[in-house]
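Proteins come first, then strands; the chains are lettered A, B, ... in the order of their sequence lines, and each starts at number 1.
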Number of protein chains: 2
Amino acid sequence: MDPNIENESNYNPSKYRTPDGAPSDIVIFTITSTEKSTAKKALPIRELQVLLIQRKKWPFEGQWALPGGFCRETESMYECAQRELREEAGVTDVHMEYFNVYSKPGRDPRGWILSHAFFALVHEQWLLKRRADDDAADVRLVPVEEALRMELAFDHREILTDALSKVREKMLTTTIAREFLPEEFTISELYQVIQTVVPDFEERNFIRKITSTQSRKGIIEEAKDRHGEPKLSNRYSQRAAQLYRFTDFSPQLSIYS
Amino acid sequence: MDPNIENESNYNPSKYRTPDGAPSDIVIFTITSTEKSTAKKALPIRELQVLLIQRKKWPFEGQWALPGGFCRETESMYECAQRELREEAGVTDVHMEYFNVYSKPGRDPRGWILSHAFFALVHEQWLLKRRADDDAADVRLVPVEEALRMELAFDHREILTDALSKVREKMLTTTIAREFLPEEFTISELYQVIQTVVPDFEERNFIRKITSTQSRKGIIEEAKDRHGEPKLSNRYSQRAAQLYRFTDFSPQLSIYS
DNA sequence: GGAATAGTGTCTGTAAGACATTATCGT
DNA sequence: ACGATAATGTCTTACAGACACTATTCC
């Protein structure tokens with residue numbers, strides 16, 4: 001047999017240098033709500049936070065980093081990220097998306113390591129449970145603006161920056177806002193969530209745009225009780241507000257039409 | 001020293017199973033133009049094509065596949081893809097974007113191999129040069145619809161499907177149409193390019209929308225000669241058409257405003 | 001004149017954007 | 001009554017969508 005012809009019997013991956021590891025790292029976002037100090041009913045103060053863990057081992061021992069871990073041969077990258085999410089944040093079944101690979105030579109002192117970055121959007125309540133469980137001084141929710149100013153391990157600040165800009169983009173072009181909201185919510189809540197993620201967002205006639213314009217009507221629909229009567233909520237206000245829910249519809253955007 | 005404490009001196013990556021390779025695979029799209037058979041001036045027939053190579057080695061020997069190759073320790077994934085683009089298609093300096101990783105266990109018979117998928121958008125002319133160079137029976141431009149029906153190596157049909165849907169989305173939400181057009185182009189050319197990539201696209205008042213609506217005006221601008229006179233082209237028509245060029249502006253889309 | 005592409009006129013209904021106003025109801 | 005949030009009225013200008021029409025020039 002011609003030794004130059006490669007086939008199953010003589011294929012040998014180890015003649016090439018191979019990566020030393022392919023972890024996934026996860027940017028876990030949540031929105032915290034705190035009641036306004038005034039006793040009266042009022043909209044809560046919301047803040048976008050990111051979950052960080054303090055490293056216990058070399059490299060970057062003691063520094064804060066994104067949760068993550070090495071992928072195994074028996075799982076896909078997405079499954080790996082799901083496992084890490086469960087192990088490190090104690091949550092399952094949340095919205096998670098892959099967004100980039102980080103592969104710059106030298107990015108990890110342990111060797112040739114390709115990080116696969118995901119972002120996850122989690123309800124505050126799921127994380128709160130976990131944080132009570134282990135009295136973890138090594139797991140923290142940090143406001144994103146603060147996290148961006150911290151000196152994070154590896155290239156995790158770059159990853160966080162990219163994740164944030166991806167989430168902001170998706171917040172405006174898809175219905176991921178639903179991931180931070182209960183099944184049924186008021187228009188103000190939705191507006192607040194969008195503004196929490198995208199501070200520049202401002203839309204004075206928000207309620208009309210989303211409820212009565214032809215092209216957008218259908219993104220959300222009024223919640224009704226079993227008698228078909230509109231469901232209202234006065235959680236945040238004296239005057240009860242209509243509750244809405246997201247539908248499965250999301251418009252296809254285009255700069256040309 | 002506590003042997004349970006990992007640090008630079010005792011860190012040993014080889015105690016874990018590591019990937020057998022991290023290639024990049026590239027979906028190279030181009031749009032071919034063929035003159036209509038009628039002798040008269042007319043818009044060409046355009047078709048979206050993808051570059052495939054025929055594999056010479058195990059596995060999938062003889063089958064068609066996306067161009068690609070293994071990443072080296074000294075380069076980033078993007079640099080790897082650039083190198084492959086140069087080596088396999090003979091092109092440099094084209095628009096290329098990373099879009100996904102393919103990591104399902106068993107996807108590659110050679111072992112645990114993570115494919116990093118890019119798409120590239122190339123002018124037909126750059127590829128034509130190359131295809132003449134090597135009388136390559138092993139490199140082919142294939143119409144996308146045909147390629148999707150072929151039995152490609154590995155999970156390359158899935159990769160191609162994903163690339164196509166990504167490019168279609170970006171064709172409508174960004175100005176990547178420019179990658180398939182000369183510096184200066186007519187409105188019909190632009191419209192044709194969009195339709196070639198996104199067959200469903202239809203916009204009866206296209207010219208007015210893109211030239212005279214407040215929110216979109218600024219995506220393209222009229223080309224002018226050095227005397228400030230509008231530049232025209234009669235390449236495709238009896239009546240000369242205004243030439244346009246893309247600006248750096250691309251509107252921020254949102255489903256909420 | 002016909003064929004092919006380029007581009008405008010015109011009309012109707014709907015939406016955008018800006019602000020003022022009213023509604024509800026616990027405290 | 002006031003404060004806070006919810007929601008509607010009103011007005012102007014702009015855009016969407018449809019379709020008929022004119023313009024240019026080679027054949």
Side-chain angles (χ1 to χ4, degrees), chain A residues 33 35-46 172 184-193 195 200-220 222-223 230-244 251-257, chain B residues 33 35-46 172 184-193 195 200-220 222-223 230-244 251-257:
Chain A
S33 302
E35 302 291 311
K36 280 214 189 90
S37 50
T38 61
K40 300 161 190 167
K41 284 189 178 182
L43 289 164
I45 295 165
R46 297 180 198 261
L172 296 181
E184 300 179 344
F185 51 87
T186 66
I187 299 284
S188 315
E189 282 182 288
L190 171 57
Y191 189 68
Q192 249 201 331
V193 163
Q195 279 203 320
D200 289 343
F201 183 78
E202 193 188 312
E203 197 56 57
R204 299 166 119 80
N205 290 334
F206 186 65
I207 183 173
R208 324 176 77 128
K209 284 220 176 168
I210 197 151
T211 57
S212 21
T213 67
Q214 203 65 11
S215 55
R216 278 178 278 269
K217 162 164 44 184
I219 297 174
I220 59 171
E222 294 190 356
K231 282 176 80 174
L232 305 177
S233 156
N234 62 340
R235 209 174 347 168
Y236 303 124
S237 60
Q238 320 306 348
R239 175 171 177 179
Q242 175 64 49
L243 285 170
Y244 290 84
Q252 167 62 55
L253 296 170
S254 165
I255 62 172
Y256 299 116
S257 56
Chain B
S33 302
E35 302 291 310
K36 280 216 189 88
S37 50
T38 61
K40 299 162 188 166
K41 284 189 180 184
L43 289 164
I45 295 166
R46 297 180 198 260
L172 297 181
E184 300 180 345
F185 52 87
T186 67
I187 298 285
S188 316
E189 282 182 287
L190 170 57
Y191 189 68
Q192 249 201 331
V193 163
Q195 280 203 320
D200 290 343
F201 183 78
E202 192 188 312
E203 197 56 57
R204 299 167 119 80
N205 288 333
F206 186 65
I207 184 173
R208 323 175 79 126
K209 285 219 177 168
I210 198 153
T211 57
S212 22
T213 67
Q214 204 66 10
S215 55
R216 276 177 280 269
K217 160 164 47 184
I219 297 174
I220 58 171
E222 293 190 356
K231 283 175 80 174
L232 305 176
S233 156
N234 62 341
R235 208 173 349 163
Y236 302 122
S237 61
Q238 321 305 348
R239 175 173 176 179
Q242 175 64 50
L243 285 170
Y244 290 85
Q252 166 63 54
L253 296 170
S254 165
I255 62 171
Y256 299 116
S257 57

- Query: Looking at the side chain of A/Q214, which of C/dT14, D/dA6, D/dC15 is the nearest nucleotide?
  - Reply: C/dT14

- Task: Would you mind telling me which of D/dT24, D/dC15, C/dA6 lies closest to the side-chain atoms of B/Q238?
- Result: D/dT24

What integer distance in Å separates [X]:[atom1] from [N]:[atom2]?
| X | N | atom1 | atom2 | answer |
| --- | --- | --- | --- | --- |
| A/Y256 | D/dG17 | OH | P | 17 Å |
| A/I210 | C/dG17 | CD1 | P | 15 Å |
| A/Y191 | D/dT5 | OH | P | 14 Å |
| B/Q192 | C/dT5 | CD | C1' | 11 Å |
| B/N234 | C/dA6 | CG | P | 11 Å |
| A/I45 | D/dT5 | CD1 | C1' | 16 Å |
| A/R239 | C/dT24 | CZ | C1' | 6 Å |
| A/R216 | D/dA16 | CZ | C1' | 13 Å |

- Please report the shortest heavy-atom distance between B/R46 and B/Y236, naming the atom on each side. NH2-OH, 3.8 Å

- Taking all atoms of both residues into account, what is the closest heavy-atom pair of B/P44 and B/S33, and its distance? CB-CB, 4.0 Å

- Looking at residues at least two apart in the chain, or sitting in another chain, which of them share a side chain to side chain donor-acceptor pair (under 3.5 Å) with B/E203? B/K209

- side chain to side chain donor-acceptor pair (under 3.5 Å) filter on B/E202, not counting sequence neighbours, yields B/R204

- When you match A/A240 and A/S215 each to their closest nucleotide on DNA chain C, which lands nearer the 5' end? A/S215

- Task: Using heavy atoms to find the nearest nucleotide of DNA chain C for A/T213 and B/T186 separately, return the residue whose nucleotide is more 5′.
- Result: B/T186

- Query: For the helix from C/dG1-D/dC27 to C/dT27-D/dA1, how many degrees between its two end axes (five pairs per end), to the nearest 10°?
  - Reply: 10°

- Item | OP1 or OP2 of D/dA16 under 4.0 Å from side-chain N/O of A/S257 | no

- Item | Phosphate OP1/OP2 of D/dA4 contacted by A/R235 side-chain N/O (<4.0 Å) | no

- Task: Using a 4.0 Å heavy-atom cut-off across all strands, classify B/I187 as base, sugar-phosphate, or nothing.
- Result: nothing

- Answer yes or no: is there a side-chain heavy-atom contact under 4.5 Å between B/F185 and B/V193? no

- 4.5 Å side-chain heavy-atom contact, B/N234 and B/R239: no

- Item | Sole candidate of B/E184, B/K231, B/E222 that passes side chain to side chain contact (heavy atoms under 4.5 Å, CB included) when paired with B/Y244 | B/E222

- Not counting sequence neighbours, which residues clear ring pair (Phe, Tyr, Trp, His ring centres under 6.0 Å) with A/Y191? List them please. A/F201, A/F206

- Quick one: list whatever passes salt bridge (Lys or Arg N to Asp or Glu O under 4.0 Å) with A/R235, sequence neighbours left out. A/E189

- Item | Residues within residues 202-209 of chain A bordering DNA chain C, heavy-atom distance below 4.0 Å | A/E203, A/R204, A/N205, A/K209

- Task: Hey, could you give me the CD/CD1 distance between A/Q192 and A/I45, rounded to the nearest 0.5 Å?
- Result: 9.0 Å

